[in-house]
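See structure below.
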Amino acid sequence: MRKPFCIAKMMKASRFRHYFERCPQEKRAAVERRIGELIVEDADLCHPISHPHLCNLFAALAVYEYDLARGVSPEASQREIVATMEQFLVPRLRMFQRMARVPGIFPLLRKLIPKMMMKGNGHGWQSEVLDLGPGVCAFDTTQCIFATLFARHGVPELGPCFCRIDDYLYSTLPGIRFTRTGTLCRGDRCCDFRFEKI
């Protein structure tokens, strides 16, 4: 039997943790209720391996729905959601940048990145690792839990907010060029991740 998802733990584990600490109590309570509903509504996605993603996805969806219901424009809400996640991820960005500076790190990253992606994504995802030569780490994703969840709830425009987080984390790595010509959340046939040694 699967371990039940806990609302409080999901909120605490999300990238919105600090946001919830400072937002109005009414909004926090509404978001908390909505996350509880999403755990039930999207039970088919609530697999343990997807827990870290769903902490962020459910939180973002609940915040976005709350904002729209109170007259906040989609663009303003999306900007705040992206800014909140980027601010939370500053330490991770710095860690990635330090790792990229280590001499001879790319061959190791070429092996680790796909394994980390496959292990961390798992349920709700479908990806294929591609061999494009020793100087490139490449994989295509043809099923994405982000695109699935947000389309299901009628807010596909929220998906690209999460695509932007990949751009934020990977676009400034020293000695590594990150490119992606499309993403599922942006309506493309796949997310084509490419990390190239430069």
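- A salt bridge links R186 with D167: the distance from a Lys NZ or Arg NE/NH1/NH2 to an Asp or Glu carboxylate oxygen falls below 4.0 Å.
- Within the 3.5 Å criterion, the main-chain N or O of G133 finds a donor-acceptor partner in the side chain of R110.
- For R17, there are no salt bridge (Lys or Arg N to Asp or Glu O under 4.0 Å) partners, not counting sequence neighbours.
- For the pair T183 and C163, the minimum side-chain heavy-atom distance is below 4.5 Å.
- Ion pairing between R34 and E41 holds under the 4.0 Å rule for side-chain N and carboxylate O.
- Distance OG/S171 to CG/L93: 10.0 Å, rounded to 0.5 Å.
- If you take SG on C185 and CG on L149, they are separated by 9.5 Å, rounding to the nearest 0.5 Å.
- Atom CZ of R189 has 12 or fewer neighbouring heavy atoms from other residues, nucleotides or ligands inside a 6.0 Å radius.
- With rounding to the nearest 0.5 angstrom, the NZ atom of K12 is 15.5 Å from the CD1 atom of I7.
- L112 and L130 fall into different hydrophobic clusters, where Ile, Leu, Val, Met, Phe, Trp and Tyr are joined by side-chain heavy atoms under 4.5 Å apart, directly or via other members.
- Scanning for salt bridge (Lys or Arg N to Asp or Glu O under 4.0 Å) contacts around R15 gives an empty result, with sequence neighbours left out.
- Using a 4.5 Å cut-off between side-chain heavy atoms of Ile, Leu, Val, Met, Phe, Trp and Tyr, with links allowed through other members, I145 and I81 fall into the same hydrophobic cluster.
- Taking CE of M11 as the start and CD of E21 as the end, the distance is 10.0 Å to the nearest 0.5 Å.
- Side-chain contact between F88 and S14 is absent, with no heavy-atom pair separated by less than 4.5 Å.
- With sequence neighbours excluded, no residue satisfies side chain to side chain donor-acceptor pair (under 3.5 Å) with R33.
- In the hydrophobic clustering of this structure, V136 does not group with F106; members are Ile, Leu, Val, Met, Phe, Trp, Tyr whose side-chain heavy atoms approach within less than 4.5 Å, directly or through other members.
- Residues M10 and L54 have side chains in contact (heavy-atom distance under 4.5 Å, counting atoms from C-beta outward).
- In this structure, L173 is not a member of the same hydrophobic cluster as I198, with clusters built from ILVMFWY side-chain heavy atoms closer than 4.5 Å.
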Subject >> Trace of the side-chain hydrogen bond (donor to acceptor under 3.5 Å, both in side chains) decision for E196 with T179 >> reply: CA-CA 8 Å; E196 182 181 359; T179 57; 5.8 Å; no
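- Applying the ring pair (Phe, Tyr, Trp, His ring centres under 6.0 Å) test to F146 and every residue at least two apart in sequence or in another chain returns H53, W125, F162.
- Taking the side chain as every heavy atom from C-beta outward, V72 and E80 never approach each other to under 4.5 Å.
- The local environment of CZ in R70 is crowded, with over 12 non-hydrogen atoms from other residues, nucleotides or ligands closer than 6.0 Å.
- Other residues, nucleotides and ligands contribute more than 12 heavy atoms inside 6.0 Å of the CD atom of E157.
- Counting only heavy atoms from C-beta outward, the side chains of V31 and I35 approach each other to under 4.5 Å.
- With sequence neighbours left out, the salt bridge (Lys or Arg N to Asp or Glu O under 4.0 Å) criterion links K197 to no other residue.
- Residues Y66 and R28 are not in side-chain contact: their nearest non-hydrogen atoms beyond the backbone lie 4.5 Å or more apart.
- The shortest distance between side-chain heavy atoms of Y170 and R177 does not fall below 4.5 Å.
- Looking only at distances, a side-chain donor or acceptor of D192 sits under 3.5 Å from a matching main-chain atom of G182.
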**OP:** Just do the side chain to side chain contact (heavy atoms under 4.5 Å, CB included) check on E86 and I165 with the steps written out, would you?
**Re:** CA-CA 7 Å; E86 287 182 349; I165 295 303; 3.8 Å; yes
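- The CG atom of D42 sits 11.5 Å away from the OG atom of S50 when rounded to the nearest 0.5 Å.
- Relative orientation of the F195 and F193 rings is parallel, given thresholds of 30° and 60° on the angle between their planes.
- We find the CG-OG1 distance between D188 and T142 to be 13.0 Å, quoted to the nearest 0.5 Å.
- D140 and R194 are joined by a salt bridge, as a carboxylate oxygen and a charged side-chain nitrogen come within less than 4.0 angstrom of each other.
- Relative to the six-membered ring of F150, R152 misses at least one condition, a distance below 6.0 Å or an angle of at most 45° to the axis.
- Residues T141 and S127 share a closest heavy-atom pair of OG1-OG, 2.7 Å.
- The hydrophobic cluster containing F20 also contains I39, counting ILVMFWY residues as joined when their side-chain heavy atoms lie under 4.5 angstrom apart, directly or transitively.
- Under the rule for a ring pair (Phe, Tyr, Trp, His ring centres under 6.0 Å), Y168 has no partner lying at least two apart in sequence or in another chain.
- Contact annotation: the side chain of H47 never approaches that of L45 to less than 4.5 Å [non-hydrogen atoms, C-beta and beyond].
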